[in-house]
Amino acid sequence: MSVSTRTGMVVDPALSEVRATRYKAKVESVSPKANRTAFEDADECFLGVSLENDSFDVPKLEGIVEWISRRFRRCTVLVGDSIHRLTLSATAALSPEPALARALELGREFIADRQPVFDLFSDRTDFTVVTCAEVRWWADHDGFHRRLRSQFAEDPVFRASVESFGRRYHSRGATDLDGQELAKRVAISSEYFLEEFAVFCCLRARGLSVMVYPGSFSSLAEVAEGAHPDAPRELRDLTVVSLQLKGR
């Protein structure tokens, strides 16, 4: 059975959760700031998806996707599956192979479960899903990754920025972490960000200049603002749009 939405489209009953609680997305920040209004001139964007993150629950995702559908004709949905293995290694103490298997499984589940949300707005925007696991096989990925790891090792300012972001992430609500455990998690998070940045470079190299994400992305925002001039040009040329979600 299906139900009609406010737009007249037919929607799977699984989206009843969307109808019960709705969220509106609005711009919280844009990096670089000079692109605050110009980013909407682009025809397409990519949406970064973090797995097991409540910002991508069905009602919130609908708010994000609706916001995108009003501005862009095409959107690549980047599902962070393979990189999520690093989060699982840090927070769930999984060894590499089980962590990767679980991360890929979560990615498949996300794509299957959230497809109806993207279908809601398919008449306005063409949504295409790509996973980090797929991008890792692209010809230019390893080169970007090596360059970013080299910069992390040799550039103390860049390294401090990436580590600071990871430290803030793992310190939120985790008052019981000792110094050694926190340092371990920050090191894993740093590898996560470097691998993720390499994926972003690959997408930018293929013409996707606008990244949309529900939340802050301080290290990447700094790169976009020109604070790290030795970062790959593809990363420096990104416009990063951070969204804020409010219930309505």
Just by modelled atom types, is the D119 backbone N or O under 3.5 Å from a matching donor or acceptor in the S122 side chain? yes

Scan residues 217-231 for pairs that pass salt bridge (charged side-chain N to carboxylate O under 4.0 Å, His left out), counting only residues two or more places apart or in two chains. K33-E225

Would a 4.5 Å heavy-atom cut-off, applied to side chains only, mark L47 and I64 as touching? yes

Quick check: does any side chain N or O of R204 sit under 3.5 Å from a backbone N or O of V199, one acting as donor and the other as acceptor? no

State, with a plain yes or no, whether a side-chain heavy atom of F56 is found less than 4.5 Å away from one of K60. no

Hey, is the main chain of P59 close enough, under 3.5 Å, to the side chain of D57 for a donor-acceptor pair? no

What one should report as the nearest heavy-atom pair of N53 and Y213 is ND2-OH, 3.6 Å

Nearest heavy-atom pair of S219 and S161: which atoms, and what distance? OG-O, 3.0 Å

Lys/Arg N to Asp/Glu carboxylate O, R73 vs D43, below 4.0 Å: yes

Using modelled atom types and a 3.5 Å cut-off, is there a donor and acceptor pairing between side-chain atoms of T131 and backbone atoms of E134? yes

Shared-cluster residues of L100, by chain and number - hydrophobic side chains joined below 4.5 Å: L104

Is it true that S89 and R85 share a donor-acceptor pair across their side chains at a distance under 3.5 Å? no

Restricting to ring-ring contact (aromatic ring centres under 6.0 Å, His included), what partner residues turn up for F46, sequence neighbours left out? F200

Among pairs that include at least one residue of residues 75-96, which meet ring-ring contact (aromatic ring centres under 6.0 Å, His included), considering only residues two or more places apart or in two chains? none

Identify all side-chain donor-acceptor contacts of residues 92-99 below 3.5 Å with residues at least two apart in sequence or on another chain.
none

Mind listing the side-chain donor-acceptor pairs of residues 136-144 below 3.5 Å, one per line with the distance, residues two or more places apart or on another chain?
from: D140; atom 1: OD1; to: R206; atom 2: NH1; distance (Å): 3.4
from: D140; atom 1: OD1; to: R206; atom 2: NH2; distance (Å): 3.3
from: D140; atom 1: OD2; to: R206; atom 2: NH1; distance (Å): 3.0

For a 4.5 angstrom cut-off between non-hydrogen side-chain atoms, does L88 reach E52? yes

Does R159 have any salt bridge (charged side-chain N to carboxylate O under 4.0 Å, His left out) partners at least two apart in sequence or in another chain, and if so, which? none

Does anything in residues 210-221 pair up under salt bridge (charged side-chain N to carboxylate O under 4.0 Å, His left out), and if so which pairs, sequence neighbours excluded? none

Between R185 and A90 (side chain of the first, backbone of the second, donor and acceptor by atom type, cut-off under 3.5 Å), is there such a pair? yes

Of the non-hydrogen atoms in R168 and S218, which two are nearest, and what is the gap between them? NH2-OG, 2.6 Å

So, using ring-ring contact (aromatic ring centres under 6.0 Å, His included) as the criterion, who are the partners of F118 when residues are at least two apart? F127

With sequence neighbours left out, the residues meeting ring-ring contact (aromatic ring centres under 6.0 Å, His included) with F193 are F165

Between T128 and T76 (side chain of the first, backbone of the second, donor and acceptor by atom type, cut-off under 3.5 Å), is there such a pair? no

Would you name the heavy atoms of V79 and V129 that are closest together and state the gap between them? CG2-CG1, 3.9 Å

Strictly below 4.0 Å, N to O, side chains only: are R108 and E105 in salt-bridge contact? no

Polar side-chain atom of S69 near backbone of E66 as donor-acceptor pair, under 3.5 Å: yes

If we ignore hydrogens and angles and just use 3.5 Å, is the side chain of D81 paired with the main-chain N or O of A133 as donor and acceptor? yes

Under 3.5 Å, is there a donor-acceptor pair between the E196 and H145 side chains? no

Going by heavy atoms in the side chains, are W67 and Y23 under 4.5 Å from each other? no

Of the non-hydrogen atoms in F39 and V30, which two are nearest, and what is the gap between them? CE2-CG2, 4.0 Å

Taking all non-hydrogen atoms of both residues into account, name the closest pair between P32 and A224 and its distance. CB-O, 3.7 Å

Pair listing, ring-ring contact (aromatic ring centres under 6.0 Å, His included) test, anchored in residues 225-248, at least two apart: F158-H228

Expected list for residues 237-246: side-chain donor-acceptor pairs under 3.5 angstrom, two or more places apart:
from: T239; atom 1: OG1; to: N35; atom 2: ND2; distance (Å): 2.8
from: S242; atom 1: OG; to: G215; atom 2: O; distance (Å): 3.0

Evaluation steps, side-chain contact (heavy atoms from CB on, under 4.5 Å), between L182 and R167: CA-CA 7 Å; L182 179 58; R167 190 172 294 108; 4.2 Å; yes

